[in-house]
Amino acid sequence: MLSQTVEYALRAIVCIANETPRPVTNEQLAEVTKVPSAYLSKVTRGLNRAGLVISQRGPNGGLTLAREPSELSLLDVVNAVDPIERIHQCPLGIREHGEQLCPLHCKLDDTLAATETSFRETS
């Protein structure tokens, strides 16, 4: 259900949190998380744009969390790199359904809502 990008972002956040307050370089992250360095750079840019990590250049640079790990939810990380997309109208484009979802898509959206809630409540 979760993309590989989300899995990589979660690995990176856990690694950075474990090193707090020391910055972690991309090379260190790649080694610990077993994520290719080039792909990890893309993932950490998304985390930086979302305000979850701070990137510092220079000899003592690297990545640190922008807030305490306890204040960071799984949903924050997921939404930073590959947001959960809820179902608001018929994915099949059936006009008669409009915004009234059929039982199948209603159940799928309920599952997505429950996933969001669970992720929001987990730091």
Side-chain angles (χ1 to χ4, degrees):
M1 183 173 156
L2 297 176
S3 69
Q4 191 166 38
T5 301
V6 169
E7 170 66 26
Y8 289 170
L10 291 170
R11 289 184 199 179
I13 287 291
V14 168
C15 182
I16 295 167
N18 284 337
E19 295 298 322
T20 296
R22 290 179 289 149
V24 180
T25 67
N26 194 61
E27 293 77 23
Q28 291 168 322
L29 269 179
E31 184 178 326
V32 171
T33 62
K34 308 293 187 237
V35 176
S37 183
Y39 197 82
L40 188 60
S41 290
K42 175 187 170 221
V43 171
T44 57
R45 275 193 303 275
L47 296 171
N48 183 265
R49 276 191 301 272
L52 303 183
V53 299
I54 298 168
S55 178
Q56 300 169 295
R57 294 180 185 248
N60 296 320
L63 296 161
T64 55
L65 291 183
R67 51 188 164 185
E68 292 297 315
S70 62
E71 298 173 6
L72 187 64
S73 75
L74 287 178
L75 187 62
D76 293 330
V77 178
V78 170
N79 284 340
V81 296
D82 191 10
I84 295 172
E85 293 194 29
R86 299 282 304 277
I87 304 171
H88 300 290
Q89 59 187 1
C90 179
L92 301 175
I94 300 171
R95 281 195 298 257
E96 294 80 26
H97 289 180
E99 292 184 17
Q100 287 287 27
L101 298 178
C102 69
L104 171 64
H105 289 119
C106 188
K107 185 67 170 175
L108 291 174
D109 187 59
D110 289 347
T111 302
L112 292 170
T115 300
E116 278 186 334
T117 298
S118 179
F119 286 179
R120 186 179 295 109
E121 294 172 351
T122 305
S123 63

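What you find for Ala30 and Leu40 is that their closest heavy atoms are N-CD2, 3.3 Å. Closest approach of Val53 and Ile13 over heavy atoms only: CG1-CD1, 3.9 Å. Nearest heavy atoms, Thr33 versus Cys15: CG2-CB, 4.2 Å. Of all heavy-atom pairs between Gly51 and Ala66, the closest is O-CB, 3.1 Å. What you find for Glu116 and Arg86 is that their closest heavy atoms are OE1-NH1, 3.3 Å. Smallest separation of non-hydrogen atoms from Asn26 and Ser41: ND2-OG, 3.2 Å.
Using a 4.5 Å heavy-atom threshold, the side chains of Leu74 and Leu10 count as touching. Looking only at side-chain heavy atoms (C-beta outward), Arg67 and Leu72 come within less than 4.5 Å of each other. Using a 4.5 Å cut-off on side-chain heavy atoms (C-beta onward), Ile84 and Leu75 make contact.
Between Leu101 atom CG and Lys107 atom NZ the span is 13.5 Å, to the nearest 0.5 Å. With rounding to the nearest 0.5 Å, the separation of CG in Leu104 from CD1 in Ile87 is 7.5 Å. A distance of 4.5 Å separates OG1 of Thr64 from CD1 of Ile54, quoted to the nearest 0.5 Å.
Under the ring pair (Phe, Tyr, Trp, His ring centres under 6.0 Å) criterion, no residue pair touches residues 48-68, with sequence neighbours excluded.
The local environment of CD in Glu85 is sparse, with at most 12 non-hydrogen atoms from other residues, nucleotides or ligands closer than 6.0 Å. The number of heavy atoms from other shown groups lying within 6.0 Å of CZ (Arg22) does not exceed 12.
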Side chain to side chain contact (heavy atoms under 4.5 Å, CB included), that's the test. Do Glu19 and Gln28 meet it? Break it down for me.
CA-CA 11 Å; Glu19 295 298 322; Gln28 291 168 322; over 6 Å; no
Set out, in order, the CA-CA distance, both residues' side-chain angles and the distance that settles side chain to side chain contact (heavy atoms under 4.5 Å, CB included) for Leu29 and Val35, then state yes or no.
CA-CA 8 Å; Leu29 269 179; Val35 176; over 6 Å; no
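Judged as a ring pair (Phe, Tyr, Trp, His ring centres under 6.0 Å), and not counting sequence neighbours, Phe119 has no contacts.
At a threshold of 4.5 Å between side-chain heavy atoms, the hydrophobic network of Ile, Leu, Val, Met, Phe, Trp and Tyr places Leu63 and Tyr39 in one connected group. Hydrophobic clustering (side-chain heavy atoms under 4.5 Å, transitive across Ile, Leu, Val, Met, Phe, Trp, Tyr) groups Val77 together with Leu2.
No hydrogens or angles considered: nothing links the side chains of Asp82 and Thr5 as a donor-acceptor pair under 3.5 Å.
Ser118 places no side-chain N or O within donor-acceptor distance of the main-chain N or O of Ala114, the cut-off being under 3.5 Å. Proximity of a side-chain donor or acceptor of Asp109 to a complementary backbone N or O of Cys106 within less than 3.5 Å is not detected.
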